[in-house]
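What follows is a set of notes on a single structure, which appears directly below.
Note that ligands are numbered from 1 as they come in the structure, with each ligand's atoms numbered from 1 the same way.
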Amino acid sequence: MGEVYDGPILEIDGLSISFFTRLREIPAVMDFSVSVKPGEAVGLVGESGCGKSTVALGVMQDLGVNGRVVGGSIKFKGRDLSQMSSAELRQIRGSEIAMIYQEPMASLNPAMRIGQQLMEVPMIHGGMSKREAHARALQLVTDVKLPDPERILKAYPHQLSGGQQQRIVIAMALMSEPSLLILDEPTTALDVTVEAAIIDLVKDLGRKYGTSMLFISHNLGLVLDTCDRICVMYSGEAVERGSIADVFDGMRHPYTQALFRSIPLPGADKTARPLVAIPGNFPLPHERPEGCNFGPRCDYFVAGRCDQGAIPMLDVPENTRHATRCIRHD
Ligand SMILES: Nc1ncnc2c1ncn2[C@@H]1O[C@H](COP(=O)(O)OP(=O)(O)OP(=O)(O)O)[C@@H](O)[C@H]1O
Ligand SMILES: [Mg+2]
């Protein structure tokens, strides 16, 4: 088996990703770093268009015809994904890294019974026998708390509700016991009560199987509730990174503060804590300002300081695991 690897499962360092169109280069992600340790759940939050899905697709090495990593590196269990052969990548994507998308039907084959779809994963990638694969499929359908698992295995996807389909997608993602599960807005298409149940489920399964998770959501409340650490993105960049406690109790970036004020927190009384929308507009990738991207919308903006040059990620004093991209964080 070789040496036991005990470093981070995922290590993204200074990652920059651009999309190339006929007119211009669109820098969708810039100088982005985050790491996910074994068993850890890291949340990635930020407004629509800030680059969350691009990071996820970068990890999957699936940026389409016009997307490209233009800087930095993505390491999975210490190995740079860009150095791997396409055969190796296919193997990793099929068994070691699994991704769950917003829309469950995008991951299900409408013409194939649920059982067959679930069993295919470990039979193709893990060389599991049909009997073992069936036993595992049955176990996972039970784990994701679907009623009458035997009947579900015989059903076609359209015979299930949206919430049930998403549970099947989660079961499918866990069939090969991946070390990393990427969830890209997995509950956006579901209603709120179903969403809460799915999130609880993901939390429990993460614990049961020791799976590391990168959880993408624009819902800060969900991330606070599910993750160990959080990374806040704004306009292609990470602006704050730390443990949930560090960031929640001592947020250092004005955008994180504004984001917290603009979202409902779990169990919060709406009258006691009115929601405040963030004034101004999110800059498009080719219209970013000089200096801090959040500068034009920031209450603490100082001309001559915040609008000069690139702003690096800075460690918050006395806490090397808490960092912020604000030169006036103190
Ligand atoms: N294939 C593409 N070609 C050109 N631009 C793209 C492409 N995919 C994404 N982009 C651009 O990259 C930026 C980041 O997009 P991304 O989908 O990563 O955002 P997101 O944070 O996932 O947003 P959402 O919350 O809406 O899912 C956006 O400006 C988007 O328009
Ligand atoms: Mg997205």
Handout entry: Non-hydrogen protein atom less than 4.0 angstrom from atom 2 (C) of ligand 1
Key = yes
Exercise for the section: From atom 17 (O) of ligand 1, work out which of Gly67, Ser53, Gly58, Pro283 has a heavy atom at the shortest distance. Expected result: Ser53
Practice task
Take Ser33 and Met313, measure what side-chain contact (heavy atoms from CB on, under 4.5 Å) needs, and give me the verdict at the end.
Solution key: CA-CA 9 Å; Ser33 305; Met313 221 40 193; over 6 Å; no
Problem - Distance-only N or O hit between ligand 1 and Asn66, under 3.5 Å - result: yes
Exercise for the section: Would you mind telling me which of Arg297, His253, Arg325, Glu47 makes a side-chain hydrogen bond (donor to acceptor under 3.5 Å, both in side chains) with Tyr234? Expected result: Arg297
Handout entry: Under-4.0 Å salt bridge between Lys208 and Asp143
Key = yes
Problem - Met233 to ligand 1, any heavy atom closer than 4.0 Å - result: no
Practice task
Take Gln159 and Ile114, measure what side-chain contact (heavy atoms from CB on, under 4.5 Å) needs, and give me the verdict at the end.
Solution key: CA-CA 10 Å; Gln159 295 171 308; Ile114 301 288; over 6 Å; no
Exercise for the section: Answer yes when Glu25 and Arg68 have at least one side-chain N-carboxylate O distance shorter than 4.0 Å, and no when they do not. Expected result: no
Fill in the blank from the handout: Under 4.0 Å from one or more heavy atoms of Phe19, ligand 1 contributes atoms 1 (N), 2 (C), 3 (N), 4 (C), 5 (N), 6 (C), 7 (C), 8 (N), 9 (C), 10 (N), 12 (O)
Handout entry: Shortest heavy-atom approach to atom 14 (C) of ligand 1 - which of Gly49, Ala56, Gly64
Key = Gly49
Handout entry: Protein contact for atom 10 (N) of ligand 1 (heavy atom, distance under 4.0 Å)
Key = yes
Fill in the blank from the handout: A student checking ligand 1 against Ala28 at a 4.0 Å heavy-atom cut-off should list atoms 12 (O), 13 (C)
Practice task
May I ask you to check if any N/O/S atom from Ser53 comes under 2.8 Å of the Mg ion (ligand 2)?
Solution key: yes
Problem - Part of Pro285 within contact of ligand 1 (heavy atoms, under 4.0 Å) - result: side chain
